[in-house]
Amino acid sequence: MTKNKATASLDFIRKVVKKDNETGKYDNRVQTRFPPEPNGYLHIGHAKAICLDFDIAEENNGKCNLRFDDTNPLKEEQEYLDSIKRDVSWLGYKWDKLCFASDYFEQLYEYAIQLIQKGKAYVDSLSEEEIREYRGTVTEAGKPSPYRARSIEENLKLFKKMKNGEFEEGEHVLRAKIDMSSPNMKMRDPLIYRIRYAEHYRTGDEWCIYPMYDFTHCLSDSIEQITHSLCTLEFENNRELYDWFLDELEVYHPQQIEFARLNINYTILSKRKLAKLVKDGYVEGWDDPRMPTLSGLRRRGYTPEAIKSFIGKIGVAKKESIVDFALLEHCIRDDLNTRAPRKMGVLEPLKVVITNYPEDKTEELEAVNNPEDPSAGKRKVPFSREIYIERSDFMEDPPKKFWRLGPGREVRLRWAYFIKCHDFVKDEAGNIKEIHCTYDPATKGGSAPDGRKVKATLHWVSVPHAKNVEVHLYDRLFNTIDPYDVEEGEDFTSNLNPDSLKVLENCTVEPSLEDAKPGYICQFERKGYFCVDTEDSTPGNPVFNRIVPLRDQWKRIQKRQEHERRMKKQQQRKKNKK
RNA sequence: UGGGAUGUAGUCUAAAGGCAGGACAGUGGAUUCUGGUUCCACCGGUGAAGGUUCGAUUCCUUCCAUCCCAGCCA
């Protein structure tokens, strides 16, 4: 592992850190921080930032703080704070210090006063709208506020009054005095403090003025002696301001480095948009198993290992990119393949009667728990005259390349016997109701002494021993590769996939699963990986979430066959027209 | 049309003047008591045009495309 890290090429941020260590820029110290605002739940995009911040610190014997950037009392809540701590811990990271920007309010206030005293900040009394007008546009310079020339003494007096609650919200703000004609909009006298008579979830009503992000963030970094302040690309324009505050106040100066945020196709990674899905009831909550939130992925059955492996594979760069969802699926399959015990579960049961098997007989057959892991051992699975198989594993009139059961065909029942279909029964509507087979007693365990082969192996569950369970099949939350690609007048919710959740109530699983505990993960052989839901399950009645289906060659062949059939029809139609 | 950034296979990411490499996806094959896994092979790329150079993904010029900035959000 260490060897790999030494030889593997580093991403551009790790290169900077390495160079800084070589030149002794920060005395070989590496201190990072993960700085979320507690205004929503973390999603997998945050996992990228978390892994970067914590891993880079650890790789360099440094530390990483968890810091809540909680300067906006209108949006922040204790619930979000708790969820963020839970999610970071779940990923397996231990923060050094737990910090809050709100713990720095007093110090920040002092810094603001210093800035005023230096003549680098002033109280502006323009209205919100006027400030916007005076700011100019990206192509036109702004103009100075008439209050820009206030004396230091007046600014000091006014700012203290702001703090003491002597003004209404919006009456005054504190602004940095920089350059109203700067080509960088962020430098046109940015706001430092605004008045808010709102209850802060941590400081209550102690303050009625709250510092803005640009002022707070760089100084928080400075206070915590951060060396490398990693953030996403949209803050590139803010870096000039970040540096300005620290230089003007002549304090310890970390460096901000920006990287591209994570995007994944078929999903949205925006706290605000995800909040809308929750608030408007499109999903059950922040932890709905279809959500790309860490809590949603956790409930779905994704492991921290899979998520970290995914983050490792996507790399770190400045290019904005959209990662294929298939890569995430690959990572969870790859992780679970080696660890998840195999079980048999029939999602859409079809009864099979084995006509030559004694009616009152039951056998306990030995099944391997995980072919990838011999140490997982074996278990006994009950077998009897009547079993369930998957409805899709039988076809009355099998097409080409369908290897499974059909009239006159022989297949293997996993860990059991070869069975051969000799009859089937239909109901009045013409649906297959049950099928009749004979078994070959000589094939017990799954192989024939005469060496004959079968093309297919089916999973099954013994009818009298079957445990009835509910299964939730999840599909992608959005139908379109880019959920934001919408018709005019519509928003991303119009791209929601109406079939993202399919509830199957009559599934049947082997009896060993009856007491499966919430969070338990296994593979239903030939179907996929499943996780016992932590919310909807009750003791003795587990509800299974499908984490991800297994790769399915037959499904692909089916799709191709369908496609070919359609093309043929089209050609026929063209010929007929001619 | 101001400023800041970014362009390498379908997708993500390496190579920092010297054989464009890896992963995912896709395709074909081998193995297999999971149409899973594993293994092998194939597929396919430097945004464009000039220039410097023996040699350019890399340096220079011009162009093109995309993203970010006009919250009292972060």
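Order of the sequence lines fixes the chain letters, A, B, ..., with proteins taken first and strands second; residue numbering starts at 1 for each chain.
As a whole-Å value, the separation of Trp415(A) CH2 from rU32(B) C1' is 11 Å. Here the P atom of nucleotide rG4(B) and the CZ atom of Phe259(A) are 23 Å apart, to the nearest Å. Atom CZ of Arg14(A) is separated from atom C1' of rU13(B) by 13 Å (rounded to the nearest Å). One atom, CG of Leu336(A), and another, P of rU34(B), lie 19 Å apart when rounded to the nearest Å. Rounded to whole angstrom, the span from the CG atom of Asp373(A) across to the P atom of rU34(B) amounts to 17 Å. In this structure, Leu458(A) atom CG and rG35(B) atom P are separated by 8 Å, rounded to whole Å. The distance between atom NE2 of His330(A) and atom C1' of rA23(B), rounded to the nearest whole Å, is 8 Å. Rounded to whole Å, the distance from CZ on Phe310(A) to C1' on rA25(B) is 14 Å.
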Requested in this report: Using a 4.0 Å cut-off on protein heavy atoms (strictly under), produce a 5'-to-3' string for nucleotides 65-74 of chain B with B for base contact, S for backbone-only sugar-phosphate contact, and - for none.
Outcome: --SBBBSBSB
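Checking rU34(B), rG35(B), rG7(B) against the side-chain heavy atoms of Phe402(A) singles out rG35(B) as nearest. Proximity note for Asn337(A) (side chain, C-beta onward) versus rA5(B), rG36(B), rA14(B): the nearest is rG36(B). In the set rG35(B), rA14(B), rU6(B), rG35(B) carries the atom at the smallest distance from any side-chain atom of Ile557(A). The listed nucleotides are rU8(B), rA5(B), rC24(B); the one nearest the side chain of Ala326(A) is rC24(B). You'll find that the side chain of Ile314(A) is closest to rC12(B), out of rC12(B), rA23(B), rA5(B). For Gln553(A), the listed nucleotide lying nearest its side chain is rG35(B); candidates were rC12(B), rG35(B), rU6(B).
Lys401(A) has no side-chain polar atom (N or O) that falls below the 4.0 Å cut-off from OP1 or OP2 of rG35(B). Using a 4.0 Å cut-off, some side-chain N or O of Ser321(A) falls inside it from OP1 or OP2 of rU13(B). Arg412(A) has no side-chain polar atom (N or O) that falls below the 4.0 Å cut-off from OP1 or OP2 of rU34(B). OP1 or OP2 of rG36(B) has not a single side-chain nitrogen or oxygen of Arg342(A) nearer than 4.0 Å.
Donor-acceptor pairing under 3.5 Å, judged by distance alone, is absent between the side chain of Arg556(A) and the base of rG35(B).
Among all heavy-atom pairs drawn from Phe394(A) and Gly406(A), the shortest one is CE1-CA, 3.8 Å.
Remark: the Asp482(A) side chain and the Thr480(A) side chain contain no N/O donor-acceptor pair separated by less than 3.5 Å. Residues Glu258(A) and Gln256(A) have side chains that bring a donor and an acceptor to within less than 3.5 angstrom of each other.
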**Report entry** Candidate pair Arg175(A) and Ser145(A), rule side-chain hydrogen bond (donor to acceptor under 3.5 Å, both in side chains), full reasoning
**Finding:** CA-CA 10 Å; Arg175(A) 301 179 73 174; Ser145(A) 161; 5.2 Å; no
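Lys15(A) comes within 4.0 angstrom of sugar-phosphate atoms only, judged by non-hydrogen atoms across all strands, and of no base. Backbone-only engagement by Arg551(A) is indicated by non-hydrogen atom pairs under 4.0 Å involving sugar-phosphate atoms exclusively.
Below 30°, between 30° and 60°, or above 60°: for Phe68(A) and Phe100(A) the angle between ring planes is below 30°, a parallel geometry. Between His217(A) and Tyr242(A), the ring-plane angle classifies as tilted under the 30° and 60° cut-offs.
Between Asp334(A) and Thr139(A), the one whose closest nucleotide on RNA chain B sits nearer the 5' end is Thr139(A). Toward the 5′ end of RNA chain B lies the nearest nucleotide of Glu240(A), the other residue of the pair Arg414(A) and Glu240(A) mapping further downstream.
Note that Arg196(A) lies outside the cation-pi zone of Tyr210(A), set by a 6.0 Å cut-off to the ring centre and a 45° limit from the axis.
Between Asn72(A) and Met212(A) the shortest side-chain heavy-atom distance does not fall below 4.5 Å.
Nucleotide rG35(B) has no partner under the Watson-Crick or G-U criteria, as no pair reaches both atom distances under 3.5 Å.
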